[in-house]
Amino acid sequence: MLHCFRVPLAILLLALSIACSDAFRKYRHPEIKSAVFLSPKFVLDQGSVVNKYYYNIDFPRGHIAIKGFNAEVVDEAGHPVPLHETYLHHWVLARYYQRLNATNPEHDDHKHNQPDHILVRNSGICQNNSGGQYYGLGSETRGTNTDVPDPYGIEVGNPADIPAGYEEGWMLNVHAIDTRGVEDKLGCTECRCDLYNVSKDEYDRPLRPDYIGGLRCCYDHTQCRLREVSVGATRNLYMRYTVKWIDWDEFIVPVKIYILDVTDTWKQLDNSTGQSSEHECHVEYDVESCSASGMADNRCTDSKRTSLVLPTGGYIVYGVAHQHSGGIGSALYGEDGRVLCSSIPTYGQGKEAGNEAGYIVGMSTCYPQPGSVKINVGETLILESNYSSAQRHTGVMGLFYILVAEQLPKPRLSLRVPIAKKVNKV
């Protein structure tokens, strides 16, 4: 009897082994793909500014989950350009739907009842064409992790979401300031209006008397004041950007993108359909210099706060702040005061690209354990942005980028750690 039992048991164990092996093959993590692209060329001379919008950029197609996106400025030889030569004020990646056979992404053809181009905003609460991008960083781009942890992903390219007669497209905005030979590098990067000798914005609208610096003074083709001029300083540059993604499958947990702004001035509105909010995100603000007594007591910190409510709740899976020079960190708090995520800048110590002294070259990121950091439905969040006020700063930003999953991951059998595979390189 004992020998008769052993044979069926061995067969059963073999069958279970084969079934488990098949399951591991079926449910293993998809392979992460990686591709590197170049933007169109942009030209900078000493003290000059570019703020370009490149539509229909090279980007992975199909129903995919984005797992990471980052970019940097490089020269024609592909060498990274340091921030003390070309300051990367910001880059922004935006998604849109484009009517098939539409020719000019910047202008709609009004022959149709529907627009030629439809911006696909993230899930954030900013309105009036502010903060709708999918990704965006600045000087910190080389030292900031943008990877989306497994099993989460930013879902794009789903045919069910794309309107009939349209296709998905991507836009890259690059705002760069050449500071070679300028009179005041920090002043140029903070877009101080007197250094640019402007009194009107790019739409020819007069600036407010109290507007002394910010985006309205360093638009495309403006020029920051020089202290010296060199012959032959013009050069051709590019944004080199890297995309990571995986093909979509049922085990990927989709995440929503929220970009929160500490300058958001919002009010609650009542209407017939229930509660709603009206948000106006100003994007930038000024930091005033502290008093002499504040400097003596080491109290030169400007702390700006705002309260916010997301339209839905969920679990934070990633978080990072965006700040300019002078920033000393930002944090997002829950209603009970708990820290949901804090993000601290790293300042460079040298001259080489990625370690430029005096510039923010990276921001720390949050990767909570799945399900450990939850935002409850209707919870009031507090966003705080801190800057050193030992000197005045203009046009600074206090943005906070979080990825939120509305559900927890489904169980998977495979524990294999995916390795990124490069599919092309320029």
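Excluded from the calculations below are hydrogen atoms, water molecules and symmetry mates; all remaining heavy atoms, backbone and side chain alike, are included.
- Heavy atoms of other residues, nucleotides or ligands lying less than 6.0 angstrom from CG of Asn197 number 12 at most.
- Using a 30° and 60° split on the angle between ring planes, Tyr401 and Tyr318 fall in the perpendicular class, above 60°.
- Side-chain atoms of Glu190 and Ser325 include no donor-acceptor pair closer than 3.5 Å.
- Residues Trp91 and Ser39 have side chains not in contact (no heavy-atom distance under 4.5 Å, counting atoms from C-beta outward).
- A salt bridge is defined here as a Lys NZ or Arg NE, NH1 or NH2 lying under 4.0 Å from an Asp or Glu carboxylate O, and Lys52 with Asp220 meets this definition.
- Residues Thr189 and Tyr359 have side chains that never bring a donor and an acceptor to within less than 3.5 angstrom of each other.
- Considering every non-hydrogen atom in both His282 and Thr263, the closest pair reads N-OG1, 2.9 Å.
- Using a 4.0 Å cut-off between a side-chain N of Lys or Arg and a carboxylate O of Asp or Glu, Glu284 and Arg216 do not qualify as a salt bridge.
- Using a 4.0 Å cut-off between charged side-chain N and carboxylate O, Asp194 and Arg192 make no salt bridge.
- Scanning all heavy atoms of the two residues, the minimum distance from Tyr54 to Ile57 falls at O-CG2, 3.3 Å.
- When only modelled atom types and interatomic distance are considered, Glu406 and Thr312 share a side-chain donor-acceptor pair under 3.5 Å.
- Residue Ala405 comes nearest to Val317 through the heavy atom pair CB-CG1, 4.2 Å, listed as atom of the first residue, atom of the second, then distance.
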